[in-house]
Peer 1: 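Have a look at this one.
Residue numbers begin at 1 in each chain, while the letters A, B, ... track the order of the sequences. Only a predicted model underlies this, so the values are computations on that prediction, with no experimental measurement involved.
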Amino acid sequence: EAGVTQSPTHLIKTRGQQATLRCSPISGHTSVYWYQQALGLGLQFLLWYDEGEERNRGNFPPRFSGRQFPNYSSELNVNALELEDSALYLCASSLRTGRNQPQHFGDGTRLSIL
Amino acid sequence: GQNIDQPTEMTATEGAIVQINCTYQTSGFNGLFWYQQHAGEAPTFLSYNVLDGLEEKGRFSSFLSRSKGYSYLLLKELQMKDSASYLCAVTPEKYGNKLVFGAGTILRVKS
């Protein structure tokens, strides 16, 4: 069974640009989560999508947005990039049923802002 | 607010037992997860506790006390490959499926 896949692996942008990160969940998983892992910090929750809808949002500005497609894959968009957006962005997926479903993570996209 | 505390680093010897503690203060509680993350890799799920007590899974066990806001991960028969960061995460009931993570504990296993 294929795990969570993310693309690209690395992304280099400059300040003010826009970045798009992609995620494909494990087959059968309908929930997709996005987390930011900045250097030296723990994982910070960004967004949760399920059945195409945004279900929950972390404490991040509106320039962080995303969507979930009918096939349950997801995109994270970051507009007006700032230096502090440099981080590893991790996508996770889980089954929808119940809150005790473990989230399974992809290898992440490392976003570097120059 | 949400606060999850773990020791920053620990060192243990191959073959030994190590206990990694996690204390939490969150607005709600609907379960606690432990993940392992090797450098440059994705976090992998280790265990889940929602009721008080010990959950055993091979060389790994996890304990939860909800009244004390406390959990630990116990690793037995340590192997060099267990050198990794161990992440404690809580699902605060109020926030749905969101996971709130601690900063992680870097475990170094020496021979």
Side-chain angles (χ1 to χ4, degrees), chain A residues 1-7 9-10 23-26 29-51 53-60 68 74 87-110, chain B residues 1-9 20 22-24 26-51 55 57 60 62 64 66 71 73 84-106:
Chain A
E1 175 186 88
V4 176
T5 57
Q6 292 187 244
S7 63
T9 306
H10 293 93
C23 172
S24 292
I26 292 171
H29 286 190
T30 62
S31 279
V32 171
Y33 314 81
W34 288 95
Y35 292 86
Q36 182 195 67
Q37 190 173 32
L39 196 62
L41 298 178
L43 277 77
Q44 302 291 320
F45 170 76
L46 267 166
L47 291 158
W48 168 33
Y49 291 95
D50 184 75
E51 298 287 353
E53 299 284 333
E54 182 181 302
R55 303 293 182 182
N56 200 354
R57 182 181 183 84
N59 191 25
F60 281 83
Q68 186 178 34
S74 177
L88 179 67
Y89 289 84
L90 291 164
C91 172
S93 73
S94 76
L95 295 169
R96 175 67 171 96
T97 53
R99 294 197 178 97
N100 62 347
Q101 294 296 331
Q103 296 177 22
H104 299 273
F105 287 83
D107 287 336
T109 293
R110 185 160 297 281
Chain B
Q2 321 286 4
N3 195 41
I4 299 178
D5 287 319
Q6 306 177 232
T8 305
E9 294 185 20
I20 301 174
C22 171
T23 58
Y24 63 89
T26 53
S27 55
F29 180 83
N30 201 49
L32 186 144
F33 294 81
W34 284 95
Y35 283 83
Q36 180 192 61
Q37 186 177 26
H38 286 99
E41 297 183 13
T44 55
F45 169 71
L46 289 178
S47 69
Y48 170 73
N49 296 73
V50 66
L51 300 176
E55 293 282 342
K57 195 184 283 188
F60 291 38
S62 58
L64 175 67
R66 288 171 297 171
S71 174
L73 180 69
S85 182
Y86 291 85
L87 311 175
C88 173
V90 170
T91 302
E93 184 175 19
K94 183 178 176 182
Y95 296 102
N97 282 26
K98 163 184 175 178
L99 281 176
V100 178
F101 281 86
T105 298
I106 297 173

Peer 1: Rounded to the nearest 0.5 Å, how far does CG of A/Leu46 lie from NZ of B/Lys98?
Peer 2: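 These two atoms lie 10.5 Å from each other.
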Peer 1: Chain A heavy atoms under 4.5 Å from B/Ile4: which part of the residue, side chain, backbone, both or neither?
Peer 2: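 No part of B/Ile4 comes within 4.5 Å of chain A.
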Peer 1: From B/Leu99 CG over to A/Phe105 CZ, what is the distance, rounded to the nearest 0.5 angstrom?
Peer 2: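 Rounded to the nearest 0.5 Å, the CG-CZ separation comes to 6.0 Å.
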Peer 1: When rounded to the nearest 0.5 angstrom, what is the spacing between CG in A/Asn59 and CD in B/Gln2?
Peer 2: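 Going from the CG atom of A/Asn59 to the CD atom of B/Gln2 covers 11.0 Å.
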Peer 1: Tell me which of these, A/Gln103, A/Arg110, A/Gln44, A/His104, has more heavy-atom pairs under 4.5 Å with chain B than the rest.
Peer 2: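 Of the candidates given, the most pairs with chain B belong to A/Gln103.
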Peer 1: Tell me, for A/Leu90 versus chain B, whether the close heavy atoms (under 4.5 Å) come from the side chain, the backbone, both or neither.
Peer 2: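 Just its side chain gets close to chain B.
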Peer 1: Taking the side chain as every heavy atom from C-beta outward, state whether A/Pro102 and B/Tyr48 have any pair of such atoms under 4.5 Å apart.
Peer 2: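 Result no, sub-4.5 Å side-chain heavy-atom pair not found.
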Peer 1: Can you name the closest pair of heavy atoms from A/Gly106 and B/Ala42 and give their distance?
Peer 2: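 Distance-wise, the nearest heavy atoms are O-CB, 2.8 Å.
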